[in-house]
Amino acid sequence: MRLSLTSRPREVPASVGIVHLGIGAFHRAHQAVYTEDAGDGWGICGITQRSAAVASRLAPQDGLYSVLERGPGGVSARVIGAVREVLTGSATVARIGDPAVKIVSLTVTEKGYRHDPATRRLRVDDPEILRDLAGRPPETVIGRLVGGLAGREAPVTVLCCDNLTANGSFVRGLVEEYCDRGGIRLPCEVTFPNAMVDRITPATTPEDLDEAERLLGVRDEAVVVTEPFSQWVIEDTFAAGRPAWDTAGAILTTDVAPYETMKLRLLNGAHSMLAYLGADFTYVSDAIAGGLGDDLRHYMDEDATPTLDVPRGFDLAAYKSSLIERFANPALRHRIAQIAMDGSQKLPQRLLGVVRDRLATGEEPRWAALAVAAWMRHVKTAKELDDPMAETLRKAVAGADSPEKVVDALLSITDVFGPDLRDSVVFRDLLTDHLGRLL
Ligand code: CS2
């Protein structure tokens, strides 16, 4: 028997108040669970942006799916019913236009925004953006988002849940830029709260599907697997109400920035460092068992920590230790290759901010530079480069036959490093030194 409403009774569906763009595993393991736990009747319409596969797995199950929680102490499964409708991308504009929709949330990954990573501005020369601006039914995320917002008068909140610095302000900037270029005036009030999201969610494997079936007694083709830990800190500036996510454990606050910088630089920064230094391992937990945790601790303590503005009363030492414990969770089987992808889009907010802040105070960002050098080695030596800038990166390093030349070629990509890091002699020397040893 397959998971569906006939296999598990569910209350009468409440109206959809949230349209979510990018209904991948992370949204289902994080925001959808908070929405379910809030228990106040908000439903989600999940829209896939790129692959229709998720929709074809969720739709026959009436949007139901299970969350398989894998902790060091064991595994559990629960069914989530917050997703009430599942659509594919072309439905986005019309669905956002529905006045009953109060929130449009997004998890489309860093590259989904088609921005320039160094300046954080929309790439207005991107061919797909240009085609959207020229008036075809939009196909890019920002084109579809603006298309939907342009068709409504009721206030709405756009809630970015991707791992980007000041993610709400960032998306506001992209929307404004797109509107400027297209001569579009939005008729509705829109707010863009910033948010920090956290839950490690590896890609689901066939073994996870079997395990969920064993636990639930029904087959679920849309299982998501995740860790017990979950955190969500949200700026409380909603234009038209929100679920009681605070009763489900989310922190609603006036200033997300300290939490967000901490998470991006400590968790995600260490994750990326591990992914490029630990390329010989398959899973994150293997790399920690293999001793890589020490390098991560050096990076966190010596480079990242001095750049952080820690919220009052926050136990940073415990937070850092808990990160290593979470990475060490052997039950999670989080593939390193999943983290290693899209480095050009991830480095700026995870590691390069740390590098800049350290350089600005006259310090040497030794460990952060080691992580960046490990990425450079990855670009130079990986058989497959999974990155939207793969072609540019490959071309840059093609003829570079020494550490100096690889560093020079990659640092010159100012879309990633900006002119300031390209021109920093201290950073360049650190990279060259590390890369020499790594290669
Ligand atoms: C990871 C993140 O894949 C990656 O790049 O660093 O997805 C990480 O697992 C999440 O941000 C944890 O909240």
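Whatever order the structure lists them in is the order used to number ligands and atoms, beginning at 1.
Protein heavy atom nearest atom 9 (O) of ligand 1, with residue, atom name and distance: His271 CE1, 3.3 Å. Atom 7 (O) of ligand 1 has as its closest protein heavy atom Asn163 ND2, 4.3 Å. Ranking the protein heavy atoms by distance from atom 12 (C) of ligand 1 puts Asp198 OD1, 3.3 Å first. Closest to atom 2 (C) of ligand 1, if we only count protein heavy atoms, is Asn268 ND2, 3.6 Å.
Counting heavy-atom neighbours within 6.0 Å of Arg335 CZ, excluding the residue itself, gives a total of 12 or less.
Using a 4.0 Å cut-off between charged nitrogen and carboxylate oxygen, Arg358 and Asp303 count as a salt-bridge pair. Here Glu69 pairs with Arg199 in a salt bridge; the nearest charged N to carboxylate O distance falls below 4.0 Å.
Ring geometry, Phe417 versus Trp375: the interplanar angle falls from 30° to 60°, so the pair is classed tilted.
Atoms of ligand 1 lying under 4.0 Å from at least one heavy atom of Lys346, given by number and element, are 3 (O), 4 (C), 5 (O). Each of the following atoms of ligand 1 lies closer than 4.0 Å to a heavy atom of Arg199: 12 (C), 13 (O).
For Asp220, the side chain to side chain donor-acceptor pair (under 3.5 Å) partners are Gln61, Ser66, not counting sequence neighbours.
Using 4.0 Å as the threshold, Arg350 has a heavy atom nearer than that to some atom of ligand 1. Judged by the shortest distance from any of its heavy atoms, Lys263 lies inside the 4.0 Å radius around the atoms of ligand 1.
Remark: ligand 1 and Thr201 share no N or O pair separated by less than 3.5 Å (distance only, no angle test).
Applying side-chain contact (heavy atoms from CB on, under 4.5 Å) to His115 and the options Ile129, Ile142, Leu174, Leu122 leaves one that passes, Leu174.
In this structure, Arg333 is positioned above the aromatic face of Tyr283, its NZ or CZ under 6.0 Å from the six-membered ring centre and within 45° of the axis.
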